[in-house]
Amino acid sequence: MKKTSVNCKALLDEFNVKYFHEKLFSWWKDHKRVYPWRFEKDPYKVLIAETFLHRTNSSQVEKIYKDFIKKFPEIKSLLKAKKEEILPLLQSLGWRWRQELFNKMILILREKYGGNIPLNYKELKSLPGIGDYIAAAVIIFTLNTPLPLLDSNIVRVTGRLFCLKITDSSRRSRLFRDYIYCFLYKNDPRVFYYVLIDFAALVCKPKNPDCNKCPFENICCFYNRHREGSHGIN
DNA sequence: GTCCCGTGAG
DNA sequence: CTCACCGGAC
């Protein structure tokens with residue numbers, strides 16, 4: 001996702017962003033989820049994980065990720081493999097609609113990039129099956145670069161905290177991109193996004209969020225609106 | 001905006 | 001049975 005020029009002081013003027021960061025990181029100490037692709041800095045492994053996670057529950061990915069990496073520990077071994085060796089490992093992810101994209105991606109990584117994963121946004125995004133989210137995620141999680149990152153969960157937390165109307169297209173909107181970029185803890189983007197994703201999954205859930213466990217209960221726009229009964233779940 | 005394979009949770 | 005899943009292509 002592209003970096004944007006935005007006046008963060010104006011955008012988040014009424015919020016104490018540092019306070020949010022402290023509370024979130026503090027919460028995360030006791031609640032962080034452990035996945036084999038977490039803190040992985042090998043672009044190949046991050047790309048594989050994020051590709052698998054495409055519209056797929058993380059517990060499903062967890063079941064096959066280690067076996068996949070064990071069989072193809074580096075991109076060279078994957079590039080040498082035949083489709084018939086790869087696809088059976090991915091069947092449980094529901095890959096009929098993604099396997100062709102995955103095959104094309106492997107082909108391009110081999111033919112155009114010589115087995116090196118390009119670590120810039122534009123080239124990553126040009127790969128089949130790689131869009132805004134995965135391109136940014138690969139860069140952020142390998143290089144710890146402060147880029148905006150929006151998936152449905154980050155959208156939900158950001159929208160609720162800052163009173164933004166959430167729609168299906170929020171993850172592609174300029175407004176949300178600006179907000180998450182301003183909200184981002186620039187000193188450690190990688191961990192910031194791990195924190196936010198876990199917080200979204202465990203507390204700020206889509207349905208029945210645990211607002212009583214949330215450190216932002218008092219200042220969360222969503223919570224206060226909901227309590228007043230003027231709006232439904234956003 | 002709308003569809004998308006499999007799986008598990010409810 | 002229905003629904004969502006650390007999104008992307010069309």
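Here is the naming used below: chain letters follow the sequence lines, and residue numbers restart at 1 for every chain. Here the structure is a predicted model, which is why all the values come from computation and not from measurement.
Rounded to a whole angstrom, the distance from the P atom of dG8(C) to that of dT7(B) is 23 Å. Rounded to a whole angstrom, the distance from the C1' atom of dC3(B) to that of dC5(C) is 15 Å. Only the C1' atoms considered, dC4(B) is 15 Å distant from dC3(C), to the nearest whole Å.
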Inset, instruction - Scan nucleotides 2-10 of chain C nucleotide by nucleotide, 5' to 3', and note B when protein non-hydrogen atoms come under 4.0 Å of the base, S if they reach only the sugar-phosphate, - if neither. - result: ---BBBBB-
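Using a cutoff of 4.0 Å between basic side-chain nitrogens and carboxylate oxygens, K125(A) and D132(A) are scored as salt-bridged. A salt bridge links D198(A) with R38(A): the distance from a Lys NZ or Arg NE/NH1/NH2 to an Asp or Glu carboxylate oxygen falls below 4.0 Å. Using a 4.0 Å cut-off between a side-chain N of Lys or Arg and a carboxylate O of Asp or Glu, D13(A) and K9(A) do not qualify as a salt bridge.
The nucleotide range of DNA chain B contacted by chain A, defined by atoms under 4.0 angstrom from heavy atoms of the protein and reported 5' to 3', is dG1(B) to dG8(B).
Rounded to the nearest 0.5 Å, atoms CD (E111(A)) and CD1 (I106(A)) are 12.0 Å apart.
Looking at residues two or more places apart in sequence or on another chain, you find a ring pair (Phe, Tyr, Trp, His ring centres under 6.0 Å) between Y179(A) and F162(A).
The aromatic ring centroids of F25(A) and Y185(A) lie less than 6.0 Å from each other.
Sulfur atoms SG of C204(A) and C214(A) are positioned 2.5 Å or more apart.
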